[in-house]
Amino acid sequence: MASNNKLVVLVVTLLLAFLGTVASQPQQKGPYVCFNGWLRLPTLNPQLCRPRPTIQPRRIRPPGQGLSYGYYNNNGSFCPSAERIIRDAVAKAVTANPGMAPGSFVSSSTTASSGYGCDGSVLLTTTASRNSDVEREGPPNKNSLRGFEVIDAAKSAIEKACPGIVSCADVVAFAARDASSVLSNGRINIKMPGGRLDGRESFANETDQLPGPFSNLTQLQSSFSNQGLTSDEMVTLSGAHTIGRGRCAFFSNRFGDMDPAFAAKLRAQCSNTNNFVNQDDVTPNVLDKQYYRNVIDKKVLFNSDAVLNSTETIAQVRQNANGATTWERKFEQAMENMGKIGVKTRGAQGAEIRKVCSRVN
Ligand SMILES: *[C@@H]1O[C@H](CO)[C@@H](O)[C@H](O)[C@H]1NC(C)=O
Ligand SMILES: *[C@@H]1O[C@H](CO)[C@@H](O)[C@H](O)[C@H]1NC(C)=O
Ligand SMILES: *[C@@H]1O[C@H](CO)[C@@H](O)[C@H](O)[C@H]1NC(C)=O
Ligand SMILES: *[C@@H]1O[C@H](CO)[C@@H](O)[C@H](O)[C@H]1NC(C)=O
């Protein structure tokens, strides 16, 4: 059981790392909400759940300029084996942990928080400013980013094949795509462009500004809107709560609002508020649309899940729960869009291709 949990954490970390890397718009300064962080939050630190200042909506669509499909097959950035090496590293991490749910992988890569956008800043332990309070050490990420081992393994294999060509930010984005495919048993296939560069800064305080398990609908919508993502995309990406685990402290105030049998089961698992339980009690390790059925059945953990039963969002919840492949297609598109947030591309100031993902060159 313990090693099973460990595997789940690893997989989840990979997916989270990706979501974490998609936080900010490039030219703007200030705290940015990180989706990785958001999806991963409930499993993390209570500090993240304190009230935070409201962020002014920016409503800028992530443009993704400078990104392209098959980027490393062409264009002076020639490393045609890069995507295969990453796919193999993700697959290997799953098979090397027999009994590890493939779901934990994706979930991991979707949950790491980043305040600096899709620039790999979440991976840094040593930055240009030499500060010690990097994002990786921030409350949501500290000790929780074991999926980064997979990123590091892929990156060092790539450096052997083609040194100095492939960014850590792209390794994370491709690994999130591959983990999503593994965890969905091949039903989710994201088209992920490449061409991101790595940033040189990372601050733990930038992970503070995340929507959390106690967020209401307005807060969720404005957090996503600040990143240029729509309310529909917020509902779509919430489906990642179909894998991973949540900490009892973040939902034990709402047993009374849940399906009674579900609440009774959770109460038994939550003798200690630091315990973790599966987010999706039905198919805990598969990236699937079960989450939306759970919203309708009152079998979700967090307030931020339950609020999707509102007049503005319930039609989409029903559509996702009932459509044969509706959600999978929307999730693919939303993940691709998320991968365009806050990217640094060729010509960006203060950007580079890191040699080692945990430190600036
Ligand atoms: C985080 O800390 C850095 C360095 O101390 C500072 O420059 C930055 O403004 C801070 N960010 C926030 C959101 O407080
Ligand atoms: C090459 O880079 C240019 C400019 O960044 C971009 O428009 C083009 O789509 C890229 N082509 C490939 C195959 O990546
Ligand atoms: C959501 O929370 C914010 C901040 O606590 C509050 O101002 C707002 O009224 C809430 N919205 C709803 C619909 O409950
Ligand atoms: C959803 O909201 C409606 C209207 O407020 C309510 O009747 C229903 O019980 C709610 N369902 C869930 C799953 O929360």
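Read the numbers this way: they start at 1 and go in the same order the structure lists the ligands and their atoms. Throughout, residue positions are numbered sequentially from 1 according to the sequence presented. Just the heavy atoms: all of them, side chains too, but no hydrogens, waters or symmetry mates, feed the values below.
Remark: Lys298 is not positioned above the aromatic ring of Phe262, lacking an NZ or CZ atom under 6.0 angstrom from the ring centre and at most 45 degrees off the axis.
Contact residues for ligand 4 (protein heavy atom closer than 4.0 angstrom to any ligand atom): Val295, Ile296, Lys298, Asn309.
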Could you give me the CA-CA distance, side-chain angles and deciding distance for Arg177 and Glu83, then say whether salt bridge (charged side-chain N to carboxylate O under 4.0 Å, His left out) is met? CA-CA 10 Å; Arg177 171 195 63 190; Glu83 295 195 35; 2.8 Å; yes
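The aromatic rings of Phe255 and Phe251 lie perpendicular to each other, with more than 60° between the two planes, well past the 30° mark.
Between Lys265 and Asp281, at least one side-chain N (NZ, or NE/NH1/NH2) sits under 4.0 Å from a carboxylate O, which counts as a salt bridge.
Partner of Tyr291 under the side-chain hydrogen bond (donor to acceptor under 3.5 Å, both in side chains) criterion, chosen from Thr283, Asp305, Asp280: Asp305.
Cluster annotation: Ile314 is connected to Val300 through the hydrophobic network of ILVMFWY side chains, with a link wherever side-chain heavy atoms come within less than 4.5 Å.
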